[in-house]
Amino acid sequence: MAAHYRTVAEQEGWKPARPDQGSSNDGQFAGLCFTRAEGDRATALDVYFLTKEILEAEERKPGPEFGSGSGYRVEITAAADGSPADCSD
């Protein structure tokens with residue numbers, strides 16, 4: 001999944017904003033962060049791979065797909081004032 005998002009994001013003009021977020025505590029990949037500037041606006045693309053434990057900590061009930069490691073969240077962020085955007089930690 002990470003390789004797919006990395007390839008497609010780069011093909012669409014997104015640049016890696018920082019090194020990949022490595023692995024979560026259970027050995028699964030944690031996330032990707034990209035930025036793209038258009039004019040004076042900077043936008044961040046955050047692909048964060050979720051675990052059952054993360055969702056439970058957010059007080060959400062995980063579905064069965066999270067046991068296989070296939071859950072993820074995609075977030076695009078831009079500041080209204082044009083200041084640089086960054087991915088979540």
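- Proximity of a side-chain donor or acceptor of Arg6 to a complementary backbone N or O of Pro16 within less than 3.5 Å is not detected.
- Note that the OG1 atom of Thr35 and the NZ atom of Lys15 stand 9.0 Å from one another [nearest 0.5 Å].
- Legend: residues meeting side-chain contact (heavy atoms from CB on, under 4.5 Å) with Thr77, ordered by chain and number and at least two apart, are Glu75.
- Evaluation of the side-chain contact (heavy atoms from CB on, under 4.5 Å) rule for Ala37 yields no partner, not counting sequence neighbours.
- Put simply, the side chain of Val74 does not reach to within 4.5 Å of the side chain of Asp46, judged on heavy atoms.
- Scored by the side-chain contact (heavy atoms from CB on, under 4.5 Å) test, Ala42 finds no partners at all (sequence neighbours excluded).
- Annotation for Trp14 and Ile76: closest pair CH2-CG2, 4.4 Å, computed over non-hydrogen atoms.
- Under a hydrophobic clustering in which Ile, Leu, Val, Met, Phe, Trp and Tyr are joined whenever their side-chain heavy atoms come within less than 4.5 Å, directly or via other members, Val47 and Val8 fall into different clusters.
- Summarising the geometry, atom CZ belonging to Arg36 is positioned 7.0 Å from atom CD belonging to Glu12; distances are rounded to the nearest 0.5 Å.
- Between Phe49 and Tyr72, the two ring planes are tilted [angle within 30° to 60°].
- Listed by chain and number, the residues in a salt bridge (Lys or Arg N to Asp or Glu O under 4.0 Å) with Glu59 amount to none (sequence neighbours excluded).
- Remark: Arg60 engages Leu55, Glu58, Arg73 in a side-chain contact (heavy atoms from CB on, under 4.5 Å) (not counting sequence neighbours).
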